[in-house]
Amino acid sequence: MTLLALALPAAALAGCARGAADDQRDVPAVPGGAYSVALTEPDHLTPGRTTSSYALQVLEGLFDTPVTLDPHDGHPVPLAARSVQTDDQRVWTLSLRPDTSFHNGERVTARSFAAAWDAAAYGPGGWDANSYFAQIEGYDDLNPTDGHAPATRHLSGLTVLDDTTLRVTLKAPFSQFPMLLAFPAFAPLPQAAFADPEGFDLHPIGNGPFEMDGGWQRHQRIDLRRATGYTGSRPPMADAVHFRIFTSKDTAFTELRAGHIDFVTNVPAARAYEAKRTFGRHYSVQPSGTMDYLGLPLWDQRYADPRVRRAISMAIDRKGITRAIYNEVFTPADSLVGATIPGHRAGACGETCSYQPARARELLRQAGGFSGTLELYFANSDPTYLQWMTAVANELRQNLDIRDIAFRTMSGADLAPLLSGHKATGPYRQNWVADYPSEQNYLAGLLGHGNRTGWRNPGFDEQLALGDAAATAEQSIACYHRAEDLALQDLPLIPLWNWQDQTAWSGRVGNILLDPYVAGLHLEQVTVRH
Amino acid sequence: MGRYLARRLLYAIPVLLATTFLIHALVFVLPGDPIQGLAGDRPVPPSVLAELHHRYHLDDPLFLQYAKYVRGLLGGDLGRTFTGEPVADALVGRWQVTLRLGLTAWFLEAVLGVGLGLWAALRRDGPADKAVLAGTTLVVAVPVYILGYLAQLVLGVRLGWFPVSGVEAGWPASYLLPGLVLASFGVGYVARLTRSSLLENLRSDYVRTASAKGLSRRRVVVRHTLRNSLIPVTTFLGVELGSLLAGAVVTEYIFNLPGIGQQVFQAIQLHEGPTVVGITTVLVLVFCLANLAVDILYGVLDPRIRHD
């Protein structure tokens, strides 16, 4: 104890850390070696059972999905498939690479894909990625809403033509389908996954560049090693990757400073300046597809006038908030879709998303003012939510003269049903993590059928459908733009800011490729000094 | 003594039933839907929602839920967490960590606390006494998370004497630093308790008598004074064992120890009924047993206290 008491003044002087971070020399690009990555505990390691980004980071190494997304612009590139083709955006043919196998030697065939997708789409399985299969024909039969068990276990839209050819029929044309195929839920599964699902979840057998080295040690570590039989297009540089599981991101960052781990892909925003100072060029900030919004309850008469919604949007100083609370790691949003998405238009939101307190007050006056308590709904899962909501509340008080503002903060479990049941009576925090880099994912996910804001616009639905049926990427993007414009005009959802990913790494590793899409850190590319 | 033990152990059964029911009811009345909460801002398809509600008995009324839970309990089944891990498995792995941490902290509290208290009392008003008083005031006053991050930064990162976090170095290396941080409040408290209790007894008549008889100072302090003075300390340490196990939430979080504290925190956030109830049941058991051990120890320390 006395030891600790004496150490107190010394700690105040603790400046930069010792450890491998100081090594600024280039890492030679030779194969071999092992490195470690800080991770948050995943929920599952069976591809279709998870949508958690922590699980996806591990699955990126274990599985080859039919396609992958180009790390620079997000366009789909064949991976386990040789090609993905369609004539009408509705019937898709996947030709798979021949002669590939799972880590246990079982051959990967079209059946391995069909079996995995059937399992994920089967409602009573309760798999997390279930809704990703909603566009495939036969999904509704596997997910009856009347409480009865489904009569079949197979998606009628999947046809195995031969070992290397899978035909997929969708319910309606959907031009963005190849992007969806980069999501881990579309990876193939071997027989072992169905013989012993719980065992498989702890020791998944994939078809990717890395295989499991021992089982998943819950809450402690997951070890991967180079897969010996891998013949795919992304052979790994390093021999092994060790994921160490942390509950506290601060502790993970401290371990990086101590030189005990090599990667932290979620540096806390509060430590941005410290990370920049300590890690220099071993630190990167780059835009992610995640965004925050303020959703509006359109069923409440006070928010029914678009002028009220625009006034609220214009009264919020996005730049000030991202600087004060997120150390400029988050950037102000001016569009409904993330900045990393192909087709993203900077400034699509125009003056509606710019800070204009005088104009905001004028708009609210024109709309007849605001009466009663303005309630702000958000979950208590992160302390920064309260911080930015407080800032928003202050700005609404100051700029719109709304005096009576209250916070409705609760756990995520309490908030979700309130929002989906249209029982919230005030603006709420809405967050969106892009599943695939398409405007369609944001627009349909946030404002499509049955959305939380209660907004409906036939023109918007029509433009989305046109985009889904368009033959080229350019044509679909043009339709999605028209849909976005309609939504921004009505503003049921106020864009706030784009998240950015902060990553820091040690001097032991090089050739770092991070992408804002599904893959995150490209595990196979990393080289190690050894 | 045997009858006393049996009676005390039998008391534990209604206590356990009542607590588990109470916790179950508390989790049950929490508003909201844990399954939707898990999915975050993404809607869950109705078919999946219905299946998961059914799987975790969330669609049953409270008493049926509880009855199903107790039936499972009698068959040795504690249910499953929302990630599908059997609660029993999770508890076994995590209790080992928490038990090691708790016992390490408890041991440090007992040895350091009693030792420092004794040292200070025997050198009353000297520099040693003043140092102990100042040091204990400091550690009792500083919040655990500040002490934790400081210890981690200074002793782990800067000096490299201890692992920074995790349990991979095994016992005792991985547990010393978090154990010390967890014990800090108790060490301060036990040292002060021992010191004042000892000082009080050192002034009493029987101590003067013992000294007058010509007994060595060592014998007077250890056999005649310390033994008496430890009764309030034992009471504190007994209750403290339970608190250490239950209160490791912050320490386990800072030092990334996969123990019960971490889990109970996450489980409450996720409304994970079976996990919360399972952990609580074990905690109640620990509290019951620790209290029993304290009561029995009284008799050893002070022969006038009898159980029959």
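Because only heavy atoms are used, hydrogens play no part in the values below, and waters and symmetry mates are left out as well, while side chains stay in. Lettering of chains follows the sequences in order, A, B, ..., and the numbering in each one begins at 1.
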So how far is it from [X] [atom1] to [Y] [atom2], rounded to the nearest 0.5 Å?
X	Y	atom1	atom2	answer
A/Tyr122	B/Glu51	OH	CD	8.5 Å
B/Ser47	A/Asn130	OG	CG	5.0 Å
A/Thr247	B/Asn256	OG1	CG	4.5 Å
B/Asp89	A/Leu202	CG	CG	9.0 Å

Legend entry - Options A/Leu418, A/Val433, A/Thr254, A/Asn380, ranked by heavy-atom pairs under 4.5 Å with chain B, top entry: A/Thr254
Inset, instruction - Sort out for me which of A/Leu415, A/Leu142, A/Ile245, A/Asp146 touches chain B most, counting heavy-atom pairs under 4.5 Å. - result: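 Most pairs with chain B among the choices: A/Ile245.
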Would the number of heavy atoms belonging to other residues, nucleotides or ligands and lying under 6.0 Å from [atom1] of [X] be above 12?
X	atom1	result
B/His54	NE2	no
B/Trp171	CH2	no
B/Trp119	CH2	no

For [X], is it the side chain, the backbone, both, or neither that has a heavy atom closer than 4.5 Å to a heavy atom of chain B?
X	value
A/Ser248	both
A/Asp435	side chain
A/Tyr139	side chain
A/Leu446	neither

Report yes if some heavy atom in the side chain of [X] is under 4.5 Å from a heavy atom in the side chain of [Y]; otherwise report no.
X	Y	answer
A/His219	B/Gln263	no
A/Arg244	B/Ser165	yes
B/Gln152	A/Thr251	yes

Inset, instruction - Determine yes or no for a side-chain-to-main-chain donor-acceptor pair under 3.5 angstrom, with B/Arg55 supplying the side chain and A/Gly125 the backbone. - result: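 Side chain of B/Arg55 to backbone of A/Gly125: a pair is present.
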Can you give me the closest heavy-atom contact between [X] and [Y], atom names plus distance?
X	Y	result
A/Ser131	B/Pro45	CB-CG, 3.7 Å
B/Tyr149	A/Asp250	OH-CB, 3.8 Å
A/His260	B/Val164	CE1-CG2, 3.8 Å
B/Pro258	A/Gln220	CG-CG, 3.7 Å
A/Asn143	B/Val48	OD1-CG2, 4.4 Å

Legend entry - Any residue meeting ring-ring contact (aromatic ring centres under 6.0 Å, His included) with A/Tyr436, in chain and number order, not counting sequence neighbours: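 Partners of A/Tyr436 under the ring-ring contact (aromatic ring centres under 6.0 Å, His included) test: none.
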Inset, instruction - Check side chain to side chain donor-acceptor pair (under 3.5 Å) between A/Asp128 and all other residues, then give those that pass, not counting sequence neighbours. - result: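 Once residues adjacent in sequence are excluded, A/Asp128 has no partner under the side chain to side chain donor-acceptor pair (under 3.5 Å) criterion.
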Legend entry - Qualifying residues under side chain to side chain donor-acceptor pair (under 3.5 Å), relative to B/Glu168, sequence neighbours excluded: A/Arg221
Legend entry - Side chain / backbone / both / neither for B/Val132 at chain A, heavy atoms under 4.5 Å: neither
Legend entry - Positions in residues 44-55 of chain A that reach chain B, provided some heavy atom is under 4.5 Å away: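 Result: A/His44.
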